[in-house]
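Notes for the one structure printed next.
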Amino acid sequence: TLRLICTTTAVQRKNVGASGPEKYTEAFIKKQIEEFNLGKRHLANMMGEDPETFTQEDIDRAIAYLFPSGLFDKQARPLMKHPTEVFPEQRKIQWGEDGRPFHFLFYTGKQSYYSLMHETYEKLLNVQKHQDQLIAQDLPLQKEKRNLAGSRWLTKIELEEMLLEKVSDDDYSRFIQLLQKLVALPCADIEENYIRKFSKEVPVQLQKVVIEPLQYDERGVAFSTGEGSKRKTASATAVVYDNGTGKITVNGIDILHYFPVLQDREQLLFPFQFLGRTGKHDMVCTVSGGGRSAQAGAIRLASAKALRSFVTEKEVEFMRQAGLLTVDPRVKERKKPGQEGPRRKFTWKKR
Amino acid sequence: DDKLLTEPLSHPDFFNVKELFTLKDLFDARVHLGHKKGCRHRFMEPYIFGCRLDQDIIDLDQTMQHLQLALNFTAHVAYRGGIILFVSRKRQFCHLVESTARACGEYAHTRFWQGGLLTNAHVQFGPGVRLPDLLVFLSTLNNVFEPHVAIRDAAKMNIPTVGVVDTNCNPCLITYPVPGNDDSPAAVELYCKLFRMTIIRAKDKRRQSEAVEELR
């Protein structure tokens with residue numbers, strides 16, 4: 001180290017921020033593990049339990065008993081865990097006693113990332129050599145199509161966790177490009193094990209909505225229920241019966257009396273009209289909450305849900321695309337302070 | 001221990017690097033081919049034999065001498081357990097140089113050079129880093145055809161340099177320049193082979209001498 005001459009004390013003060021996060025040597029971590037194990041046995045003796053079968057949960061309970069703390073934040077309370085959980089997994093010092101670094105790419109700064117690139121490029125060269133050999137022997141190149149739809153590459157964060165060092169966006173994109181280049185070659189099957197380390201399977205997420213089967217009541221008439229339909233504070237349940245005349249009852253009252261306005265009655269009829277079954281079904285529904293239009297919308301959704309059981313899958317898809325099966329998410333927007341309504345501001349006065 | 005260190009210095013060619021290569025090897029590996037006349041650097045003129053059809057030809061006699069000196073120096077550094085860092089910014093030979101370094105047990109840097117690697121090492125790596133004792137350049141220019149930053153940094157940090165200088169390079173700050181082609185794969189493979197053989201030879205000799213000393 002250099003000896004500082006003609007400098008102020010401010011310069012000689014240790015720059016705590018520049019040195020980065022504290023690095024732990026392997027010997028330090030080993031000592032911490034020994035101390036932890038010894039402390040665990042002492043704790044077990046103190047609590048009167050068997051030191052051999054003293055689990056982490058027992059430790060937590062013992063610490064909570066011996067050092068009761070009323071602090072709100074769980075992470076601020078006294079803690080006794082295995083050192084590997086306490087000290088973040090990070091790079092221990094990278095060079096030996098004589099000063100020589102362990103890794104041959106240490107002086108690049110990003111040793112694990114560049115060694116990964118080196119290995120991947122080596123696999124690429126191997127595949128190309130194998131390809132050349134096959135061409136020289138006039139053998140056909142294997143062309144089995146890998147299933148690309150069900151897999152994705154590792155994300156940047158997952159790669160950072162794997163390499164234990166920061167990876168920039170450019171570096172990550174370069175790595176993915178190299179992998180894609182490797183996969184694109186015809187004889188890439190040789191290195192499949194290596195490629196599998198960096199690809200993950202995406203589980204096919206098909207939210208299959210289960211269409212309930214038809215139920216039969218005492219007279220033998222098929223019926224089905226549409227439940228839990230909401231529209232702007234109104235909730236409705238509808239029971240649709242087969243072999244009917246098109247009669248609709250709401251809360252025990254006929255729709256002509258319950259919904260005097262034509263618009264609401266049209267809303268109720270829309271699912272039946274869409275499927276072309278206007279005169280074939282009877283409906284009995286209950287509705288509460290909301291206003292006139294909201295109740296109409298809720299019953300429409302409930303009847304559409306009920307009709308799914310009577311109808312083929314294709315027609316269910318048509319109904320879904322028509323918007324009959326989607327819950328309307330629109331609700332009344334709240335009023336904000338400093339404004340008259342949700343959007344309306346107070347009148348602006350020039351003076 | 002003193003004897004181990006002083007004994008190789010008394011011989012002019014303790015590790016016998018002259019037998020590793022001949023003029024014919026250099027010619028077959030196309031080391032004498034330089035760039036076109038327009039790319040010629042002013043300071044490379046002493047090393048150029050002549051110009052044929054606008055292409056510069058490097059004087060292989062001078063190359064032989066310089067290469068012997070350079071290999072001898074690397075052998076001595078490797079014998080004393082020094083850290084050797086291979087630097088090259090040529091994308092074609094990145095993998096080759098890294099594999100050579102790994103085979104020798106030394107270090108390589110063929111990627112983007114971060115500004116403070118040598119000059120700001122204590123902040124970048126941590127307190128107590130050991131800097132390389134020798135830099136070996138397989139290509140002195142970077143991807144923009146400018147002199148590599150590591151030459152200037154090594155000169156600042158008093159680290160000796162060995163470098164293969166082509167006709168468009170500046171041999172000024174390099175301690176052991178080796179005029180020669182740095183673009184042909186054959187030439188670069190020859191250099192890698194030579195450096196690898198010298199370093200392995202020097203390390204083996206060190207281990208032998210230590211074993212002999214221990215037996216006494």
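So you know, we letter chains A, B, ... as the sequences are listed, proteins then strands, and number each from 1.
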_Between A/Y107 (side chain only) and B/Y107 (backbone N and O only), is there a donor and an acceptor less than 3.5 Å apart?_
no
Note, [X] side chain near [Y] side chain (heavy atom, < 4.5 Å):
| X | Y | value |
| --- | --- | --- |
| B/R91 | B/T110 | no |
| B/I58 | B/T167 | yes |
| B/L135 | B/V162 | no |
| B/L190 | B/L194 | yes |

Of A/M117, A/E122, A/H118, the largest count of non-hydrogen pairs under 4.5 angstrom with chain B goes to A/H118
Most contact-rich option vs chain A, by heavy-atom pairs under 4.5 angstrom, among B/L118, B/V129, B/L117, is B/V129
Most heavy-atom pairs under 4.5 Å with chain A, out of B/R102, B/H95, B/R130, B/H109, belong to B/H95
Could you walk me through whether A/E119 and A/K123 pass the salt bridge (charged side-chain N to carboxylate O under 4.0 Å, His left out) test, one step at a time?
-> CA-CA 6 Å; A/E119 270 176 38; A/K123 303 287 176 195; over 6 Å; no
Q. Any chance CZ of A/F102 has more than 12 other-residue heavy atoms, nucleotides or ligands included, within less than 6.0 Å?
A. yes
When the 4.5 angstrom heavy-atom criterion is applied to B/E98 and chain A, the contacting part is both
Okay, B/L85 and chain A: the region with an atom under 4.5 Å from a heavy atom over there is side chain
Expected contact set for residues 206-216 of chain B against chain A at heavy-atom separation under 4.5 Å reads none
Taken in chain and number order and not counting sequence neighbours, the residues that satisfy side chain to side chain contact (heavy atoms under 4.5 Å, CB included) with B/K24 are B/T22, B/D28
